[in-house]
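To keep things clear, I will list the structure first and then write my remarks on it.
Hydrogens, waters and symmetry mates are skipped; everything else that's a heavy atom, side chains included, is used. Just so you know, these numbers come straight off a predicted model, no measurement behind them. Note on naming: letters A, B, ... go to the chains in the order of the sequence lines (proteins, then strands), and numbering restarts at 1 for each one.
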Amino acid sequence: MPELPDVENFKRYMDRHARNRIIKRAEVHAGRVLRGTSARAVKRALTRHKISRSRRHGKHLFARLGRGPWLAMHFGMTGYFASFGRNGDAPRHEQLQLDFSDGSHFAYVDPRKFGRLRLIDRPDDFIADQGLGPDALSRQLTLKTFRALLGDRRGEIKSALMDQRLIAGIGNVYSDEILFQAGVHPRTRVEHLDGKAIGTLHRTMRRVLKMAIRKGAGSDALFERAPRSYLLRHREAGARCPRCKGKVRTMKAAGRTAYYCPACQKKR
DNA sequence: TTCCATGTTCCGCA
DNA sequence: TTGCGGAACATGGA
């Protein structure tokens with residue numbers, strides 16, 4: 001689930017439930033999601049500190065701990081946050097839990113453990129080290145930059161949109177949605193896209209991601225609240241295309257299952 | 001029981 | 001060098 005819109009809403013959730021509150025105690029359950037740091041170091045960095053700032057880049061979320069290091073979080077395929085009160089039970093598959101003095105708790109949960117937690121000095125350095133491209137919703141990703149990025153790229157457009165080194169934040173679901181809304185076939189070669197199509201893709205990318213944030217990406221609410229005209233409400237075998245009522249098809253692209261409408265999305 | 005899944009990374013091949 | 005398919009990772013749900 002966690003692509004850019006989901007992570008943006010996780011950020012807002014964290015800001016609301018955990019930011020600016022002193023962490024009385026921190027528990028690290030599974031070391032498997034830790035990278036380049038120990039459970040002890042994470043506990044020490046969190047305990048008696050508070051999350052002072054937060055920032056998102058693509059699918060990564062960063063939480064600054066007081067004036068110290070940042071906790072860099074990635075949610076893999078199944079990660080999310082959960083906040084619960086004094087009498088609440090910790091969710092299954094909780095990997096990290098923060099306890100606050102009012103008895104409330106905040107947890108990073110990830111059943112499949114593909115998520116990652118690490119301590120870093122500066123998000124900008126981390127982003128550079130990981131080779132991440134500009135955030136898909138950032139100001140820097142102007143049409144001009146978008147065109148330049150795609151300009152020296154070959155291969156299928158769906159792969160390009162999902163390549164975090166090119167643009168950070170888009171995964172399988174939203175690449176499908178963007179291509180559907182833009183009327184572009186997922187197998188279209190990037191080098192075959194004309195200027196007009198690239199402009200449409202850029203505009204559509206921003207619109208789709210913003211809509212998803214607004215409609216509650218990251219929670220089950222999105223499925224009901226997203227417009228019916230969106231493909232993400234019709235991601236199932238044999239579904240009807242919301243635009244032409246033809247059949248939605250699937251195929252393998254970039255190693256994943258792509259949903260698309262062969263009638264509305266023409267290859268060029 | 002078997003297959004599939006919203007992500008990333010690594011390996012081998014072209 | 002770049003692109004691409006497949007496998008691996010861990011777990012739950014259909």
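Checking each of A:His93, A:Gln95, A:Gln97 against A:Tyr108 for a side chain to side chain contact (heavy atoms under 4.5 Å, CB included) leaves exactly one that passes, namely A:Gln95.
Listed for the A:Asn172 side chain is a donor-acceptor partner under 3.5 Å among the backbone atoms of A:Thr257. At distances below 3.5 Å, at least one donor-acceptor pair connects side-chain atoms of A:Arg86 with backbone N or O atoms of A:Asp102. Remark: the backbone N or O of A:Gly115 is paired with a side-chain donor or acceptor of A:Asp110 at under 3.5 angstrom.
In summary, the side chains of A:Ser104 and A:Arg21 do present a donor paired with an acceptor at a separation below 3.5 Å, with no hydrogens or angles considered.
Here A:His60 and A:Phe75 keep their ring centres 6.0 angstrom or further from each other. In this structure, A:Tyr260 has its ring center closer than 6.0 angstrom to the ring center of A:His185.
The interatomic distance linking A:Asn172 (CG) with B:dA5 (C1') rounds to 10 Å, in whole Å. The distance between atom CZ of A:Arg153 and atom C1' of C:dC4, rounded to the nearest whole Å, is 11 Å. When rounded to the nearest whole Å, the span between CG of A:Leu161 and P of B:dG7 equals 13 Å. For the pair A:Arg165 CZ and C:dT1 P, the computed distance is 13 Å after rounding to whole Å. Distance A:Phe75 CZ to B:dG7 C1': 13 Å, rounded to the nearest Å.
Cation-pi geometry between A:Arg203 and A:Phe146 is not met at under 6.0 angstrom from the ring centre and within 45 degrees of the axis.
With B:dA5, B:dG7, C:dG3 as the candidates, the nucleotide lying closest to the side chain of A:Thr257 is B:dA5.
The base-pairing partner of B:dT1, taking Watson-Crick or G-U wobble contacts with both distances under 3.5 Å, does not exist among the strands shown.
Residues A:Arg25 and A:Glu27 are paired through a salt bridge, judged by an N-O separation under 4.0 Å between the basic side chain and the carboxylate. The residues A:Asp6 and A:Lys59 are annotated as not salt-bridged, no charged nitrogen and carboxylate oxygen being separated by less than 4.0 angstrom. Salt-bridge formation is detected for the pair A:Asp124/A:Arg55: a Lys NZ or Arg NE/NH1/NH2 atom is positioned less than 4.0 Å from an Asp or Glu carboxylate oxygen.
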Enumerate the protein-to-nucleotides 5-9 of chain C contacts in which both atoms are nitrogen or oxygen and the separation is below 3.5 Å.
residue, atom, partner, partner atom, Å
C:dC9, O3', A:Arg32, NH2, 2.8

Are any protein N/O atoms closer than 3.5 Å to N/O atoms in nucleotides 12-14 of chain C? If there are, list each pair with its distance.
residue, atom, partner, partner atom, Å
C:dG12, OP1, A:Arg92, NH2, 2.8
C:dG12, OP1, A:His93, NE2, 2.9

Would you list the protein and nucleotides 8-12 of chain B atom pairs, both N or O, that sit under 3.5 Å from each other?
residue, atom, partner, partner atom, Å
B:dT8, OP1, A:His74, NE2, 2.9
B:dT8, OP2, A:Lys59, NZ, 3.0

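If you take atom P in B:dC3 and the same atom in C:dG6, they sit 16 Å apart, rounded to whole Å.
When the side-chain nitrogen and oxygen atoms of A:Arg189 are compared with OP1 and OP2 of C:dG3, none of them lie within a distance under 4.0 Å.
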